[in-house]
Every structure is written in structure tokens, then in C-alpha cells.
Protein chains: 2
Amino acid sequence: MPRPSQRDRILDAYTDLVVTSGPETVTLDAVASAAGVSKGGLLYHFGSREALLEGLLDRCRTLTDADLAAARAAPEGIARYYLRTSIDDPAAGSAVYRTTVAMIKLSTTEPRAAEVTRRCMAGWRTALAEELGDALAADLVAALGDGIYLRAIVGQSSAELGAAAEELLRRAAPRPPE
Amino acid sequence: MPRPSQRDRILDAYTDLVVTSGPETVTLDAVASAAGVSKGGLLYHFGSREALLEGLLDRCRTLTDADLAAARAAPEGIARYYLRTSIDDPAAGSAVYRTTVAMIKLSTTEPRAAEVTRRCMAGWRTALAEELGDALAADLVAALGDGIYLRAIVGQSSAELGAAAEELLRRAAPRPPE
DNA sequence: GTCTATACGCGGATAGAC
DNA sequence: GTCTATCCGCGTATAGAC
């Protein structure tokens, strides 16, 4: 599996449109023109709308795995890494973040996207439980992160939640912020 | 404004289909047949797809206001009432709950739905802050509730979160469960 | 590989009968 | 009020040129 740049550009455009306009309103035409190709060109790389979704699903799995690995290696610890990176901006976030938001939006319509999203959430829940030891604390941190994502979905900022998150971490996470 | 039973049945069917299949995949045909009327019949009551959405938005506002009033009057307190009723089943929940889940799903596509959802969330946030006094605690409880709804959106149960919620409430909410 | 042109089906909305 | 019949536009996918 090489890395065809054109495929990536198409997936980028698809992600953007899902995040900004929501799923199902995104037509192949819109994705194609946003990616700078024609509809025919798009359908050469992804044979159908279904294949396009499948491509994004794969990318989400890959990016989340990498993000989990980065969290485990982070000096601040998994919990702080998770909550910090969850408070982001859909318009200008990291690749993982934007892909995750797109995934959640797609989950409202596509069962396969929902399945992948659940799997990703479960991955974080496991990692958090490993670090925090306490299952209850892990549940709380995971749920707080989920709440932050829901706000992103409905277009509400989560900036004010930073303080609440730090308060929760002070009680749950052993490691200091620095 | 009387209460025409037929309108309500149509809105019920619309809500059900959004919850189960997601927005935008729900056609007027599907809503009509689920409600036991023809497409023409539906379009007599709601002149357009937009009007149908507007009807659900109104209903959401009404139901949420009533639910907030019920929470303020509940002996267990607002925080416990909120978290308890948030842990529900999309397939067989209360009217408010199902409407809220539908609203969030619609938020991924319809800006007006997102606006109403934000307003409802803000209402709960305010009520929680009133009761708990502490703004940080109110943020945490509100975010936990949001996280529970996100799980419902991606089709994941939140039953295991009951214990974590109770733990959080024991610290944040003054009143005992009984 | 990427494009244009086209076939095909579906969903929303209107007209008008009952 | 509720139905059937129909028009119209849009979105997916295919065929085939370059």
C-alpha cells in the first residue's frame, strides 16, 4: 500500500465537508471540486460513495492508533493528553481530531462509522483505565472527553471546560501537569 | 394552537426515524408511511420538509422547558434528575429523551437544530449551576451528561456510567439520593 | 489517469380528484 | 382533509473520449 497523494487529498476534502456541512449533504460533486478533481476523477480512485466512506474509516483507525501510541508516550500522561487534545477547534484542529469529528457526524447515518467510533472510544477507555488504575475515574475522564466532542458536534466551544477538566484530573490523575 | 393528533403522530414517526436511521436518510415517504398517512397527507399538515423540521424544533423546546421545570421540582435535585434521565435507551426512552437524541442527530446537518440543541444544553447548564453553586461542578455534571448523549448517538450503552455518575454526584451535589 | 457526457433512479413538491 | 398522479431537479454511477 503506497501513499497516493491524490487519494489523500480527496479524503481531506471529504473530511472537511462532513465536518462543516454534515454527512449525506456532501455530494460526490462537492468532494471532487473541493479536492480539485472532477467527479469522474474521484470515482477512479474510489469506485463508489461506499468506497469513499471505507477509505475514511481506514484512515480513522490508523490515525487513532497512532494517537493512542503518542498518548502512552506523552510525559503529561494519557488522561491529560486526551482531554487537552479533545478541546480543539473543528475548523482548525489536528488531523486526528478532525477525522474523529467527521466520524461522529457520520455515525448518525452510517452504522459502520458508528462501529469504528465505538472502537476508538473503547481504545481510549482502555488506555485511561490502564493509567488511572481506577475504573470509575477512567469512566469519568472518558465521559468528559465524550461530552467535549458532543459540544463540537453541535457547534459549541468547550474552552470553558478546561478548568473543570483540570480539576477532575487533579483528583484522578497521579502525575502533575509539568 | 389546538393539539391536532395527526400532526403529533407525524412528528412521532419523524423522531423515530431520525433516531433509528439518522437524518437526511429519512424521506417524506418514509415518515408518511410510518405515520400511517400518504405523502400528500403529510404535506397537508407540514407544507415542506423544512416545516416538518420546524415542528420538531418547537416540540423540543416545549418538552425541554417542561423537563427543566420537572427537574427543579424533583426531590432528588436537578443534578441527579439530569444524569438519571440521561442514561436511557434510544429505542424505548421518554418523549423528551428521544426528541433530544433526534435533535442532536439532526444537528450534524441542520444548523437550526444545532442552535436549539445548544439552547437546551445551556438551559441545563444554568439550572445545574443554580443548584450546585459551584460553576466548575456544574460544568462537570453537564459535560458528563453530554458524554452520555454522545454514546447514545454512536449506539453505545451508558449503563456502566451510572456508578461514575453517582460518584461524581456524591462530591458535587449536596442532597442525598433519598 | 483524468475528463465529459449521459443514463437512471429517487426524493421533494404541486395539481387536482374524491 | 386525505389521497393519487405527475413534474422536476439532483445525485450516483457508467461509458467512452483524450
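Note on naming: letters A, B, ... go to the chains in the order of the sequence lines (proteins, then strands), and numbering restarts at 1 for each one. All figures in this text were calculated on a predicted structure; none of them were measured in a lab.
- Inter-residue side-chain proximity for A:Glu166 and A:Arg80 is flagged as met; some heavy-atom pair is nearer than 4.5 Å.
- Salt bridge absent: A:Asp12 and A:Arg9 never bring a charged side-chain N and a carboxylate O closer than 4.0 Å.
- The stretch residues 113-152 of chain B participates, sequence neighbours left out, in these ring-ring contact (aromatic ring centres under 6.0 Å, His included) pairs: B:Tyr82-B:Trp124, B:Tyr97-B:Tyr149.
- Residue B:Met103 holds its CE atom at 13.0 Å from CE of B:Met121, rounded to the nearest 0.5 Å.
- Figure legend: A:Arg49 and A:Phe46 shown without cation-pi pairing, the cationic atom not lying both under 6.0 angstrom from the six-membered ring centre and within 45 degrees of its axis.
- For the segment residues 19-32 of chain A, the set of residues with a heavy atom within less than 4.0 Å of an atom of DNA chain D comprises A:Thr27, A:Leu28, in numerical order.
- Within the 4.5 Å cutoff, the side chain of A:Thr27 has no heavy atoms near those of the A:Leu17 side chain.
- Of the charged side-chain nitrogens involved, none lies within less than 4.0 Å of a carboxylate oxygen, so that B:Arg72 and B:Glu131 do not count as a salt-bridged pair.
- If you take CG of A:Leu17 and P of D:dG11, they are 13 Å apart, rounded to a whole angstrom.
- Along DNA chain C, read 5' to 3', the first and last nucleotides having any atom under 4.0 Å from a heavy atom of chain A are C:dG1 to C:dT4.
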Strictly under 3.5 Å: I want the nitrogen or oxygen pairs between protein and nucleotides 4-9 of chain D, one per line.
none

Name each donor-acceptor pair under 3.5 Å that joins a side chain in residues 135-144 of chain A to protein atoms two or more places apart or in another chain, with its distance.
{"unit_1": "A:Asp139", "atom_1": "OD1", "unit_2": "A:Arg125", "atom_2": "NE", "d": "2.5"}
{"unit_1": "A:Asp139", "atom_1": "OD1", "unit_2": "A:Arg125", "atom_2": "NH2", "d": "3.1"}

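- Between A:Glu115 and B:Val154 there is no side-chain heavy-atom pair separated by less than 4.5 Å.
- Residue pairs meeting the salt bridge (charged side-chain N to carboxylate O under 4.0 Å, His left out) criterion with at least one partner in residues 148-157 of chain A, sequence neighbours excluded, are A:Arg151-A:Glu160, A:Arg151-B:Asp146.
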